[in-house]
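A, B, ... follow the sequence lines: proteins, then strands. Residue 1 opens every chain.
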Number of protein chains: 2
Amino acid sequence: MTYSEENYIKVIYHLSLVSPKGINTNAIAGMIESKASSVTDMVKKLAEKELVDYQKYQGVTLTQKGLHAAKMIVRKHRLWEVFLVEKLDFTWDEVHDLAEELEHIKSEKLINRLDEFLGFPKEDPHGDPIPDRYGQMIKVEKQLLSEVGLNKKVMCLGVKDSSPSFLQYLDKHQISLGSEIEIINKEAFDMSLTILMNGKEILISNKIAGNLFVKVI
Amino acid sequence: MTYSEENYIKVIYHLSLVSPKGINTNAIAGMIESKASSVTDMVKKLAEKELVDYQKYQGVTLTQKGLHAAKMIVRKHRLWEVFLVEKLDFTWDEVHDLAEELEHIKSEKLINRLDEFLGFPKEDPHGDPIPDRYGQMIKVEKQLLSEVGLNKKVMCLGVKDSSPSFLQYLDKHQISLGSEIEIINKEAFDMSLTILMNGKEILISNKIAGNLFVKVI
DNA sequence: AATAATTTTTAGTTTTGTCTAAATTTATTT
DNA sequence: AAATAAATTTAGACAAAACTAAAAATTATT
Ligand SMILES: [Mn+2]
Ligand SMILES: [Mn+2]
Ligand SMILES: [Mn+2]
Ligand SMILES: [Mn+2]
């Protein structure tokens with residue numbers, strides 16, 4: 001598999017998690033920052049290699065082979081992120097782009113040794129699960145903070161968006177994985193929230209709340 | 001710089017260390033396992049980018065810019081090799097091919113952090129010097145075992161060839177960096193050597209001796 | 001100095017992955 | 001059920017990096 005094929009497979013995998021039907025051309029093009037026509041070309045090649053099932057105009061779905069390949073790329077991405085944060089002291093907002101490169105290093109042995117070196121972590125720095133060598137991963141029940149009712153106490157478990165700007169926003173407000181938050185107000189007009197954290201009240205927008213995964217505690 | 005450009009620059013650098021004149025097309029083609037015509041194409045591109053000086057039929061030399069770029073690739077290659085051996089328990093014969101991939105990961109910050117994490121090693125697992133972030137590296141006086149006179153005692157400091165088959169040969173005969181060796185016979189006919197190591201006599205060919213760097217002790 | 005051998009460059013293809021523009025199919029409105 | 005809009009595919013082009021085969025330049029040999 002080439003660098004580019006791996007990126008497509010990974011994007012199709014991520015899109016599949018949200019909508020389990022056929023993944024359409026434009027959605028892939030949007031994620032990969034290319035054009036629909038380029039996606040059509042690549043999708044044909046992936047179908048040739050039996051990594052996806054594809055019928056014209058009907059979108060694609062991963063085959064078993066494609067699904068496994070995707071999980072192995074995600075495994076590499078997330079293990080490298082853990083390495084960068086745990087061993088090289090990178091911050092959680094710095095690691096994604098580096099992992100985008102490192103995930104393409106082709107060696108099962110390397111990634112399995114790295115896994116071991118890191119102590120077989122179950123989650124990456126953004127709270128996302130790390131597939132094991134067979135593709136198995138834990139499934140933690142989480143919901144978006146924006147969907148939790150008033151007066152509930154929650155713990156922060158992950159982020160939906162792991163862009164530097166969002167992560168830096170969280171850092172600025174001292175919100176990290178494990179933080180405990182109580183929702184004390186929901187503004188009907190814009191769905192912004194007032195939350196209580198470490199005895200301090202913070203106002204956060206609905207967009208922020210819609211990118212934070214939490215569980216009620 | 002693309003993956004391929006980096007490989008060319010690195011090869012030109014390695015050839016420059018042996019012969020400091022213009023590096024010729026065929027030599028590059030041989031190292032990179034491509035054809036002379038491909039080399040000509042690439043060399044023109046590198047000249048465009050001012051990484052090499054190039055005149056038709058006269059070979060290439062690295063510019064200052066090209067030399068620095070080459071050293072940074074070598075730095076990455078060797079630091080990743082140290083990482084694989086020291087932290088992930090790879091053997092010295094396994095790491096070269098992996099480092100060939102890892103050396104292309106583009107991040108100064110990553111490689112400087114890795115350097116620090118490894119304790120700023122001065123040499124890689126094959127005894128080759130690791131350039132620091134400015135391109136500086138130690139120069140250890142070494143010579144090939146094949147060039148050392150009879151009855152001399154030497155210490156093994158590095159390998160010229162780091163192919164798995166040669167390294168595995170050394171492992172089999174328990175020769176590693178730091179091993180102390182005494183030359184007790186040189187066969188005039190084929191220049192093979194009888195050496196004394198840990199009280200044991202071993203016969204090694206001239207080809208083996210011509211790939212082992214040592215210093216007289 | 002002329003010829004032969006070797007090396008290097010040029011010219012023309014190929015493959016991979018991308019693009020734009022046009023054509024086609026599917027979905028949505030009237 | 002048409003008509004319109006949106007999504008998708010096709011056709012044709014391009015850049016990067018490789019190749020083969022032929023031409024040109026350099027080097028070695030008679
Ligand atoms: Mn990431
Ligand atoms: Mn992540
Ligand atoms: Mn190496
Ligand atoms: Mn090495």
- Could you grab the distance from atom CD of A:E86 to atom CZ of A:F117, nearest 0.5 Å is fine? 10.5 Å

- Residues at least two apart in sequence or cross-chain that pass salt bridge (charged side-chain N to carboxylate O under 4.0 Å, His left out) with A:K49, listed by chain then number, are A:E5

- The correct set of residues in residues 7-17 of chain A placing a heavy atom under 4.0 Å from DNA chain C is A:Y8

- Please collect all side chain to side chain donor-acceptor pair (under 3.5 Å) contacts where either partner lies in residues 120-138 of chain B, sequence neighbours excluded, each pair once. B:E81-B:H126

- Task: Kindly write out the residues that satisfy side chain to side chain contact (heavy atoms under 4.5 Å, CB included) with B:L177, not counting sequence neighbours, or none if the list is empty.
- Result: B:W92, B:C156

- Query: NA contact type, B:T40, heavy-atom cut-off 4.0 Å: base, sugar-phosphate, or nothing?
  - Reply: base

- Message: Whole angstroms only, please: what is the CE-P distance between B:M1 and D:dA16?
- Response: 15 Å

- Is there any ring-ring contact (aromatic ring centres under 6.0 Å, His included) pair reaching into residues 1-29 of chain A, and which pairs are they, with sequence neighbours excluded? A:Y3-A:H104

- What's the OH-C1' distance between B:Y54 and C:dT7, to the nearest Å? 12 Å

- ring-ring contact (aromatic ring centres under 6.0 Å, His included): pairs with one or both residues in residues 72-91 of chain B, sequence neighbours excluded: A:W80-B:W80, A:F83-B:F83, B:H77-B:H96, B:W80-B:F83

- Task: Using only side-chain N and O atoms of A:T2, determine if any of them is under 4.0 Å from OP1 or OP2 of C:dT16.
- Result: no

- Nearest-Å distance, CD (A:E5) to P (C:dT18)? 10 Å

- Item | Length of the NZ-C1' vector between A:K49 and C:dT16, whole Å | 11 Å

- Query: Roughly how far, to the nearest 0.5 Å, is CG of A:L110 from CG of A:L102?
  - Reply: 9.5 Å

- Message: Each nucleotide in nucleotides 20-27 of chain C should get exactly one letter: B, S or -. Can you fill that in based on protein heavy atoms under 4.0 Å?
- Response: B---BSS-

- Message: The criterion is side chain to side chain contact (heavy atoms under 4.5 Å, CB included); which residues satisfy it with B:H173, sequence neighbours excluded?
- Response: B:Y169, B:I175, B:I202

- Message: If I take atom CG in residue B:D41 and atom P in nucleotide D:dA15, what distance separates them, rounded to the nearest angstrom?
- Response: 15 Å

- Message: Can you tell me if B:K207 has over 12 outside heavy atoms packed within less than 6.0 Å of its NZ?
- Response: no

- Query: Does any pair with a residue in residues 95-119 of chain B pass salt bridge (charged side-chain N to carboxylate O under 4.0 Å, His left out), and if so which ones, sequence neighbours excluded?
  - Reply: A:E94-B:K109, B:E6-B:K106, B:K10-B:E100, B:K10-B:E103, B:R75-B:D115

- Note on the structure: Nearest heavy-atom contact between A:G135 and A:M72 is N-CE, 3.6 Å

- In whole Å, what is the span from the NZ atom of A:K44 to the P atom of C:dT18? 15 Å

- So with a 6.0 Å cut-off around CD of B:Q64, is the heavy-atom count from everything else above 12? no

- Can you give the dot-bracket line for DNA chain D, using ( ) for pairs inside the strand, [ ] for pairs that cross earlier ones, | for pairs with another strand and . for unpaired bases, where Watson-Crick and G-U count if both distances are under 3.5 Å? ||||||||||||||||||||||||||||||

- Message: Can you pull out the residues from residues 21-30 of chain A that lie within a 4.0 Å heavy-atom distance of DNA chain D?
- Response: A:N24, A:T25, A:N26

- side-chain hydrogen bond (donor to acceptor under 3.5 Å, both in side chains) partners for A:N26, two or more places apart: none

